[in-house]
Amino acid sequence: MKVKIKKGDTVEVISGKLEDKGKRGEVINVMPSERRLVIQGVNIRTKHQKQVQTQAGRQINPGRIKFEAAVDISNVMLVCPKCSKMTRIAIQRDDTGSHRVCKQCDAVID
Ligand SMILES: [Zn+2]
C-alpha cells in the first residue's frame with residue numbers, strides 16, 4: 001500500500017500510547033520506507049544529553065532534550081483540511097496527475 005500522508009498534512013492519532021490518542025498535529029517528517037512519520041507535539045520523548053565541554057570549559061546543552069519520536073503510519077489517520085474530519089483517502093487520476101480526495105466530503109486535498 002502506498003503512503004498517502006505527506007509532510008505538512010494534519011493527522012490524528014488513533015491508537016498507540018493513551019496520552020497521545022486523539023491528538024492532532026502536523027506531519028513534520030515522513031519515512032515511507034519504514035512506514036513511520038514524525039508529528040509535531042506527538043510521541044514526545046526525552047533524551048538525556050551528556051554534558052559536553054568545549055575547550056573553553058563551557059557546557060553545551062546539558063540536561064534533557066525533548067523531541068518527537070516517529071510513530072507508525074498505521075497509528076494515525078489523515079485529517080481533511082476542508083471538513084476537519086478524520087478520513088480515508090481516495091486517489092483520483094486525471095490529466096494533471098493523481099490527487100488525494102477526502103472520502104468524507106469529496107474535497108481534493110492536494
Ligand atoms: Zn473532507
Side-chain angles (χ1 to χ4, degrees):
M1 200 181 89
K2 216 179 149 224
V3 175
K4 293 169 187 167
I5 295 173
K6 297 178 181 178
K7 198 171 161 180
D9 284 342
T10 298
V11 294
E12 184 167 328
V13 180
I14 52 171
S15 60
K17 279 196 306 173
L18 197 66
E19 65 208 77
D20 284 332
K21 199 173 170 183
K23 265 193 196 172
R24 287 184 181 192
E26 188 185 323
V27 176
I28 52 179
N29 199 9
V30 183
M31 292 158 268
S33 57
E34 296 166 53
R35 303 189 52 77
R36 290 169 79 77
L37 39 79
V38 181
I39 309 154
Q40 193 147 42
V42 170
N43 204 18
I44 301 284
R45 300 284 172 83
T46 305
K47 185 160 63 180
H48 294 269
Q49 175 92 8
K50 279 188 220 155
Q51 290 191 342
V52 178
Q53 291 210 327
T54 64
Q55 287 179 334
R58 272 185 302 175
Q59 290 174 354
I60 305 172
N61 295 332
R64 294 182 293 181
I65 295 173
K66 288 190 183 217
F67 69 103
E68 285 100 343
V71 302
D72 197 277
I73 214 153
S74 62
N75 288 341
V76 305
M77 251 182 115
L78 186 69
V79 174
C80 172
K82 300 278 168 20
C83 64
S84 304
K85 289 178 188 162
M86 282 194 290
T87 185
R88 292 183 183 281
I89 292 297
I91 299 292
Q92 203 175 68
R93 287 172 217 285
D94 63 19
D95 295 343
T96 61
S98 58
H99 306 282
R100 298 183 301 169
V101 177
C102 171
K103 284 192 174 176
Q104 301 277 351
C105 69
D106 293 328
V108 175
I109 292 172
D110 279 329

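First listed ligand is number 1; within each ligand, the first listed atom is number 1. Because the structure is predicted, anything quoted here is derived from the model rather than measured.
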Colleague: Determine the sole option in R100, K4, K82 for which the salt bridge (charged side-chain N to carboxylate O under 4.0 Å, His left out) test with D110 is passed.
Modeller: R100
Colleague: Taking V27's backbone N and O only, do any of them form a donor-acceptor pair with D9's side chain (distance below 3.5 Å, no angle check)?
Modeller: no
Colleague: Keeping the roles fixed (side chain from R45, backbone from A69), state whether a donor-acceptor pair exists under 3.5 Å.
Modeller: no
Colleague: Quick test of your reading of the model: are K23 and D20 salt-bridged, counting only N-O distances below 4.0 Å?
Modeller: yes
Colleague: No waters, cut-off 2.8 Å: how many protein N, O or S atoms are close to the Zn ion (ligand 1)?
Modeller: 4
Colleague: Check for a donor-acceptor pair, side chain of E68 on one end and backbone N or O of G41 on the other, with a separation under 3.5 Å.
Modeller: yes
Colleague: Looking only at non-hydrogen atoms, find the nearest pair between N43 and A70 and report the distance.
Modeller: ND2-O, 3.3 Å
